[in-house]
Amino acid sequence: MRVLVVGANGHIGRRLIKLMSSGPHQSRAMIRDPDQAEALREMGAHETVVADLEGDCGPALEGCDAIIFSAGSGGHTGQEKTDAIDRDGAIAMIDAAGKAGVNRLVMVSSMGADAPASGPENLQHYLRAKQAADRHLRASGLDYTIVRPGSLTDDNGTGRISAATELERSGKVPRDDVAAVLLQVLDAPNTKGKQFELLAGDTPLQQAVAAL
Ligand code: NAP
């Protein structure tokens, strides 16, 4: 499959591009700054495309079979960017996928996105944006999988996770393992039409994804 990686220059995105470099899928790294292209190709991106979630992303999707969406406005921006990227940018990408007939979309969401009011106060606006994007995706008719990690860390991946519709605890998960799960999910038909929470754990990730 040719896979558009949205947020390819991000911390998860770069890990994903490296993992995908050894196949079997072709990555198309979506970046918003052309100066990022060379580094991404060196990391193993099969192709790069310049597009901004605040603009028209339709052309970036041409010829793709699937999308992995791992973009985000980041904690350093204000609520306006959270709305523009995490909510409206994600929704625009979902709509563009539907229009282009790209049916498979794997979304990086967040633990807590179904209950923003129960989250820490400083995260509630972000969680509401993620909730709106996830709702739109569930109603889109696409073959979606919504992956909801806990707090992301830069610890080395272990290849072992906990994953379930609801884990009923909070916690952390290394970005390495999130990237590996995204790739595993892409090829796991049992995850279509599902959402699940993801934390560091004891189950080998292939086994955990197969059990969803
Ligand atoms: P990251 O390093 O901040 O990467 C986000 C990427 O999104 C960046 O590459 C950025 O591009 C890109 N982006 C931002 N605005 C864009 C736009 N308008 N158009 C196109 N691309 C745009 O984040 P991460 O650590 O990889 O995390 C990725 C995902 O995990 C996000 O969806 C985040 O909400 C979610 N998440 C985070 C946590 C956490 O603990 N931090 C927990 C759960 C879920 P540039 O490189 O050009 O800036």
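Computed from a predicted model, the values in this text were never measured in an experiment. Quick note: numbers below take in every heavy atom, side chains included, and nothing from hydrogens, waters or symmetry partners. Remember, it's 1-based here, ligands and their atoms both numbered in the order they're listed.
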Would you check whether [X] has a nitrogen or oxygen atom less than 3.5 angstrom from a nitrogen or oxygen atom of ligand 1?
| X | value |
| --- | --- |
| Met30 | no |
| Ala71 | yes |
| Gly74 | no |

Heavy-atom distances under 4.0 Å decide this one: backbone, side chain, both or neither, for [X] against ligand 1?
| X | answer |
| --- | --- |
| Phe69 | neither |
| Ala84 | neither |
| Arg148 | neither |
| Ile85 | side chain |

Return the residue, atom name and 0.1 Å-rounded distance of the protein heavy atom closest to [atom].
| atom | result |
| --- | --- |
| atom 26 (O) of ligand 1 | Ile12 N, 2.8 Å |
| atom 33 (C) of ligand 1 | Tyr126 OH, 3.5 Å |
| atom 19 (N) of ligand 1 | Leu53 N, 2.9 Å |
| atom 9 (O) of ligand 1 | Gly10 N, 2.8 Å |
| atom 44 (C) of ligand 1 | Ser109 O, 3.1 Å |

On a heavy-atom basis, I'd like to know which of [options] is closest to [atom].
| atom | options | result |
| --- | --- | --- |
| atom 28 (C) of ligand 1 | Ser70, Ala133, Gly72 | Ser70 |
| atom 27 (O) of ligand 1 | Val147, Leu152, Leu198 | Leu152 |
| atom 23 (O) of ligand 1 | His11, Met93, Lys130 | His11 |
| atom 16 (C) of ligand 1 | Arg175, Lys172, Arg32, Lys81 | Arg32 |

Do any N or O atoms from the side chain of [X] and from the backbone of [Y] form a donor-acceptor pair under 3.5 angstrom?
| X | Y | value |
| --- | --- | --- |
| Arg87 | Ala129 | no |
| His25 | Arg2 | no |
| Lys130 | Tyr126 | no |
| Gln124 | Ala117 | yes |
| Thr48 | Ala45 | no |
| Arg32 | Glu54 | no |
| Asp177 | Gly159 | yes |
| Asp86 | Ser109 | no |

(message) Please determine whether the number of non-hydrogen atoms from other residues, nucleotides or ligands lying under 6.0 Å from atom CG of Asn156 exceeds 12.
(response) no
(message) If you count every heavy atom of other residues, nucleotides or ligands that lies below 6.0 Å from Asp33 atom CG, does the total exceed 12?
(response) yes
Can you sort out which atoms of ligand 1 are near [X], meaning under 4.0 Å from one of its heavy atoms?
| X | value |
| --- | --- |
| Ser110 | 43 (C), 44 (C) |
| Ser151 | 40 (O) |
| Asn9 | 9 (O), 46 (O) |
| Val108 | 29 (C), 30 (O), 32 (O), 35 (C) |

Determine, using heavy atoms of [X] and all atoms of ligand 1, whether some pair is separated by less than 4.0 Å.
| X | answer |
| --- | --- |
| Gln36 | yes |
| Gly150 | yes |
| Asp52 | yes |
| Gly89 | no |

Got [X] and [Y] here, is their nearest side-chain heavy-atom distance under 4.5 Å?
| X | Y | answer |
| --- | --- | --- |
| Thr145 | Gln195 | no |
| Lys194 | Thr165 | no |
| Asp155 | Lys172 | no |

(request) Output yes when Arg175 and Asp154 qualify as a salt bridge under the 4.0 Å nitrogen-oxygen rule, no when they do not. (result) yes
